2 protein chains.
Amino acid sequence: MDKPRDMVSRLAELGYRLTPQRMLVLAAIENSDGHISAEEIYVQVVAKYPHVNISTVYRTLDLLTRLGLVTETDLGGGRVRYHPAAKGHHHHLICQQCGEIIDLEESTLSPLKKTLLQEYQFTADLRHLGIFGLCQKCRQ
Amino acid sequence: MDKPRDMVSRLAELGYRLTPQRMLVLAAIENSDGHISAEEIYVQVVAKYPHVNISTVYRTLDLLTRLGLVTETDLGGGRVRYHPAAKGHHHHLICQQCGEIIDLEESTLSPLKKTLLQEYQFTADLRHLGIFGLCQKCRQ
DNA sequence: TTTACTGCAAATCTTTTGCATCAAC
DNA sequence: GTTGATGCAAAAGATTTGCAGTAAA
């Protein structure tokens, strides 16, 4: 449903040029599990189009973020990760031992969001949430 | 109650040297509101002891973290923040507009922690949590 | 006196930027 | 042909590291 085509046509609609570099960045994000970093995108893109520069990846990510087509998540560790906005928000449980990233359903956080609003008058933007801890396997 | 003295004596107990640089880093962390960055610590330390180098601040923070005397929180934005472990865990609501950091009571997150354990078998370490959004003032 | 700790400079890592060239439209 | 997009190289910001000198114990 949320094929790169959608982001591509959105870019075209808005008058942005459809360069091969952009197509490849879009494809990498779309085919990822939703937790891809700029470096990882770069590696995928270079594999098919050896001349791209990583600054182009960053510029494309910046553009897509500004247009609201992708969402940035800073899970700490000094690396920002990206996923397609059209796939909907999701949250992340990050295992501090093995590094596994588990997706969390949005509904799990609804009660928290409500509490923050009622008790702290704070409108939480939970798109950017990462929760650290230990997964089942590593807990033992 | 949790005066730098406690961390100082712990360091001494463990055989670490009590240098003026370390004392000043400890004091800065202790006197902070609990969301201090390495750079901010450095500025405070330099004011009293002009020759310190920021790498000493980082090395001290690394030591204190490894000893469990301070806790690191990565609130995103490429800057890690520190607070004394003895002051207990607390969580942060960060306003994306004005940058205000609001402390959150630990109890607010207890229901979430329980849900994550029951439904995802994930043991959340909520010491490292930052929630982004908009504070009351900026919401309007 | 011993050796852990420090200062300094240089390196690392991620991300950003200036600028001349290039290609999508 | 225009002008936005790219490649390259250099910069920027946070953090780390190698090394020789210094000071805490």
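Chain A is the first sequence line, chain B the second, and so forth, proteins listed ahead of strands; every chain is numbered from 1. This one's a predicted model, so the numbers in the text were calculated from it and none came from an experiment.
Dashed line: the shortest gap from a side-chain N or O of A:Q21 to OP1 or OP2 of D:dG7 is under 4.0 Å. Of the side-chain N and O atoms in B:T19, one or more sit less than 4.0 angstrom from OP1 or OP2 of C:dT6.
Atom-to-atom, CG of B:L24 to P of C:dG7 comes out at 11 Å; the value is rounded to the nearest Å. Rounded to an integer number of Å, the gap from A:L63 CG to C:dT17 P is 15 Å. Between the P atom of D:dA5 and the CG atom of A:L67 lies a distance of 10 Å, rounded to the nearest Å. Whole-Å rounding puts the A:R22 CZ to C:dA23 C1' distance at 12 Å. Going from atom CG of B:L18 over to atom C1' of D:dA25 covers 10 Å, rounded to whole Å. For the pair B:D62 CG and C:dT6 C1', the computed distance is 15 Å after rounding to whole Å. Between the CE atom of B:M23 and the P atom of C:dT6 there is a distance of 9 Å, given to the nearest Å.
When the side chain to side chain donor-acceptor pair (under 3.5 Å) test is applied to A:Y120, the partners found at least two apart in sequence or on another chain are B:T108.
Using a 4.5 Å heavy-atom cutoff, the side chains of A:V8 and A:M23 are in contact. With a 4.5 Å cut-off on side-chain heavy atoms, B:V70 and B:M7 count as touching. The shortest side-chain heavy-atom distance between B:N31 and B:I36 does not fall under the 4.5 Å cut-off.
Counting non-hydrogen atoms of other residues, nucleotides and ligands closer than 6.0 Å to CD of A:E105 gives a total of 12 or fewer.
Listed by residue number, the members of residues 39-61 of chain A with any heavy atom below 4.0 angstrom from DNA chain C are A:S55, A:Y58, A:R59.
One finds the CZ atom of A:R22 at 8.0 Å from the OH atom of A:Y16 (value rounded to the nearest 0.5 Å).
When each of B:Y82 and B:Y16 is assigned the nucleotide of DNA chain D bearing its nearest heavy atom, the one mapping closer to the 5' terminus is B:Y82.
Of the candidates D:dT3, C:dT15, D:dA24, D:dT3 carries the atom nearest the A:R17 side chain, counting heavy atoms from C-beta on.
Note on residues 53-69 of chain A: pairs passing salt bridge (Lys or Arg N to Asp or Glu O under 4.0 Å), not counting sequence neighbours, are A:D62-A:R66.
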